[in-house]
Amino acid sequence: MIPLRNLLNGVTASAFACTLSCGAAVSQETVTWKDDVKGWYIGVDRTVGNGCFLSSIFEGGSLFRMGYFPSDEVFRVMVGDDDWKSLEEGKLYPIEVKFGNLSPWTGNASVFIWSDGDKSLVLSLPFENDVAENFIGEFKRMTTVAVNYEGQEILKLSLKGSFAAADEMLRCQLAVSEETQPSTSSDPFSSNGSDNSDPFD
């Protein structure tokens with residue numbers, strides 16, 4: 001289960017009445033939550049179980065995107081650049097993602113090909129042991145992120161506005177998750193539509 005309330009550090013969903021229907025649709029697959037939060041786009045990806053994400057395109061055509069994949073119960077980070085044309089679908093690329101001067105996050109990244117042919121590397125992070133929570137925390141606090149491959153820095157981006165953007169992504173996911181969860185009754189005697197022989201119901 002996604003520990004959203006822990007990630008929000010005291011921010012509750014009750015302050016946010018906005019639901020999926022309040023966002024302007026970008027496509028059938030994506031719903032806009034916020035167009036611009038200090039330079040970051042916040043959206044809801046319907047194809048992964050209504051997972052909220054943040055993303056930004058940087059000067060030179062570099063991409064940074066991260067968000068929830070409720071259908072897979074993981075958190076994913078996507079990085080890309082217009083020059084990464086030789087990435088091969090189906091291959092795994094060992095990369096390091098490093099925030100500021102902190103210890104790097106390492107893992108084997110898969111390749112995602114966008115509809116326009118651009119390619120990105122995708123790194124999956126579990127929610128267990130606060131892995132995703134710690135990654136988000138570093139994203140919020142640090143001012144830069146770098147990606148290394150085979151000992152070489154292949155991408156370095158400024159994270160201006162990342163604290164506000166990450167908080168907005170978390171608010172989005174908490175609100176969307178609460179909306180899409182089936183409602184349950186606190187009345188133990190209420191009927192739930194099952195076979196019932198209670199004459200007083």
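In this chain, residues are counted from 1 in sequence order. No experiment lies behind these values; they were computed from the predicted model shown.
- Between atom CG of residue Leu123 and atom CD1 of residue Ile95 there is a gap of 5.0 Å, rounded to the nearest 0.5 Å.
- A donor-acceptor contact shorter than 3.5 Å is absent between the side chain of Lys156 and the backbone of Ala146.
- Ring geometry for Phe75 versus Tyr68: interplanar angle over 60°, hence perpendicular rather than tilted (30 to 60°).
- When all heavy atoms of Ile42 and Ala165 are compared, the pair lying nearest together is CD1-O, 3.6 Å.
- Atom-to-atom distance recorded for Lys98:NZ and Met142:CE is 9.5 Å, nearest 0.5 angstrom.
- The side-chain heavy atoms of Val48 and Asp72, taken from C-beta on, include no pair separated by under 4.5 Å.
- Tested against Met78 for a side chain to side chain contact (heavy atoms under 4.5 Å, CB included), the candidates Trp114, Phe64, Phe53 yield a single pass: Trp114.
- Here Leu155 contributes atom CG and Ser62 contributes atom OG; the two are 4.5 Å apart, rounded to the nearest 0.5 Å.
- The structure places CD1 of Ile154 at 6.0 Å from CG of Leu121, a figure rounded to the nearest 0.5 Å.
- Salt-bridge annotation for Asp45 and Arg76: absent, with no side-chain N of the basic residue lying under 4.0 Å from a carboxylate O of the acidic one.
- Within a 6.0 Å radius of CZ in Phe58, more than 12 heavy atoms belonging to other residues, nucleotides or ligands are found.
- Without hydrogens or angle criteria, Trp40 side chain to Arg65 main chain gives no donor-acceptor distance under 3.5 Å.
- Atom CD of residue Glu96 and atom OH of residue Tyr149 lie 12.5 Å apart, to the nearest 0.5 angstrom.
- Note that the OG1 atom of Thr143 and the CG atom of Leu157 stand 12.0 Å from one another [nearest 0.5 Å].
- Using a 4.5 Å heavy-atom threshold, the side chains of Val111 and Tyr93 count as touching.
- In terms of modelled atom types and a separation under 3.5 Å, the side chain of Gln173 and the main chain of Cys52 share a donor-acceptor contact.
- Without hydrogens or angle criteria, Asp81 side chain to Asp83 main chain gives a donor-acceptor distance under 3.5 Å.
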Leu54/Phe139 under side chain to side chain contact (heavy atoms under 4.5 Å, CB included): CA gap, chis, key distance, verdict: CA-CA 11 Å; Leu54 59 77; Phe139 171 85; 3.8 Å; yes

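- Proximity of Ile57 to Leu63: side-chain heavy atoms (C-beta onward) are separated by under 4.5 Å at one or more points.
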